[in-house]
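What follows is a short report on a single structure.
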Amino acid sequence: MADRSFLNWPFFEERHRILADALDRWAAANLADIDHSDVDAACRELVARLGEGGWLTHSAVDPDVAVSMLDVRSLCIIRETLARHDGLADFSFAMQGLGTGAISLFGTVDQKREWLTRTRAGTALSAFALSEPKSGSDVANLDLAAREDGDSYVLDGEKTWISNGGIADMYTVFARTGEAPGAKGISAFIAPADTPGLSIAERLEVIAPHPLARLSFQNCRVPKSAMLGKPGEGFKIAMSVLDVFRSTVAAAALGFARRALDEAVSRSTSRELFGAPLSDLQMVQGHIADMALDIDASALLVYRAAWLKDSGAPRVSREAAMAKLYATDRAQSVIDKAVQIHGGDGVRKGSVVERLYREIRALRIYEGASDVQKVIIARQTLAGG
Ligand SMILES: Cc1cc2nc3c(=O)[nH]c(=O)nc-3n(C[C@H](O)[C@H](O)[C@H](O)COP(=O)(O)OP(=O)(O)OC[C@H]3O[C@@H](n4cnc5c(N)ncnc54)[C@H](O)[C@@H]3O)c2cc1C
């Protein structure tokens, strides 16, 4: 049973403890029978179940409430809990939030009502389309063009590595409108998946399968009312969304790490070697101690960043970067140790730790690679912040 003592830390309120317990019980009862052999179908089913369970109401603001805010601690608790149970369930929840994050933060009442009502109910899936073949880390350099034409913008170009690509009902698309060079010439748009000219150019397969695609935009016309925020605000919007969701990637890594530690404890206390449980060997105890320490240190960074954002800090780039860099890196190490403790069974296809070993890797690349997080931390530290 994963350590729950962190929920008593001062970062949390009673509602967070209630949420964590209720979701843990729900996940144990509702996720075990999901068939992962077809990831598209699994994700659709997961979103539907998460919607029916009411969990997706945390993924986006309430369009019918005048002042509704995302609660980053709740997002992190949900991602951590789901990741501990099922990586694809965490992914499905996360994408409902990331894909609509720009609408939650910058959408008009009409945009919120049109999309968030459905994504919060689990009846529509969303995606966040920022990366391009020539601009992943260097997002300010993106090429996809949005040309103004009467009451519309016409999008032309490509996006790649888009999670939920192929199954999403709507894409938040960042495109160059050209008000200024670089970051100041980008705008954000809502593009429904069935918009003529928007197509799936390629489905991408990765080591931990989930829906991913390269998207093509050819003469793809969206109304001016599909723009989020103002012309030229797209880069600011993307960074604001990442400022909220980056800490939640760290929380997912924390969930994977907690599951790996649970599996390692269970294995090392049940397997007999040299006439005693594996856990009697001091080197195994050393691994267990390192894993527990890494997990607590990661949790402190994750929930500090989340609490700070919820406390009203306008930007938490440094804290979120620290949480993501550290928690994803340490989770990789924790999971590697869990694989080692499992011996041959650790690399056997289908074992829990083998799955975690594949699932953790991409978290050190997307939503800002680890090296980019270091740049953010260093810049702010050198500037005295
Ligand atoms: C599984 C998965 C899901 C994804 N989902 C989405 C999604 O839903 N939406 C979306 O828009 N994108 C998504 N991405 C794209 C992801 O954000 C990019 O892959 C990431 O930003 C890195 O870009 P790149 O792959 O082009 O690598 P590059 O930009 O070519 O970088 C390669 C490497 O160079 C190093 N590097 C880069 N910049 C610096 C720097 N400033 N200093 C030092 N070293 C540096 C890093 O080690 C980096 O990993 C996803 C990617 C993956 C793998």
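Counting convention: from 1, in listed order, for ligands and their atoms alike. What you see below is based on every heavy atom in this structure, not just the backbone, and it leaves out hydrogens, waters and symmetry mates.
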* **Which segment of S131 sits under 4.0 Å of ligand 1 when only heavy atoms are counted** => both
* To do: Kindly identify the option in D371, I376, N164 whose heavy atom sits closest to atom 45 (C) of ligand 1.
  => D371
* Given S137, S163, A213, G136, which has its nearest heavy atom closest to atom 28 (P) of ligand 1? -> S137
* Are any of the N/O atoms in A129 less than 3.5 Å from those in ligand 1? -> no
* Under 4.0 Å from any heavy atom of A369, which atoms of ligand 1 are there? -> 46 (C), 48 (C), 49 (O)
* **Residues F245, F128; criterion ring-ring contact (aromatic ring centres under 6.0 Å, His included); working and verdict** => CA-CA 12 Å; F245 286 93; F128 179 81; 8.5 Å; no
* To do: Provide, to 0.1 Å, the distance between atom 41 (N) of ligand 1 and the closest protein heavy atom, together with that atom's residue and name.
  => V375 CG2, 4.0 Å
* To do: Just jot down the ligand 1 atoms closer than 4.0 angstrom to any heavy atom of H210, in number order.
  => 1 (C)
* To do: Tell me, please: is L212 in heavy-atom contact with ligand 1, that is, under 4.0 Å?
  => yes
* For atom 9 (N) of ligand 1, closest protein heavy-atom neighbour -> F128 O, 2.8 Å
* Presence of salt bridge, D151 and K224, under 4.0 angstrom -> no
* **Pair D90-H85, side-chain donor/acceptor within less than 3.5 Å** => no
* Asked: Given F174, F91, W161, Y366, which has its nearest heavy atom closest to atom 7 (C) of ligand 1?
  -> W161
* Taking only heavy atoms of I365 into account, list the atoms of ligand 1 that are under 4.0 Å away from them. => 19 (O), 20 (C)
* Taking heavy atoms and a distance under 4.0 Å, where does V372 meet ligand 1: side chain, backbone, both or neither? -> side chain
* Are H210 and N164 close enough that a side-chain donor and a side-chain acceptor fall under 3.5 Å? -> no
* Looking just at side-chain N and O atoms, do K337 and S333 make a donor-acceptor pair shorter than 3.5 Å? -> yes
* Structure fact -> Short version for E367: what comes under 4.0 Å of ligand 1, heavy atoms counted, is backbone
* Asked: Is at least one protein non-hydrogen atom found at under 4.0 angstrom from atom 33 (C) of ligand 1?
  -> no
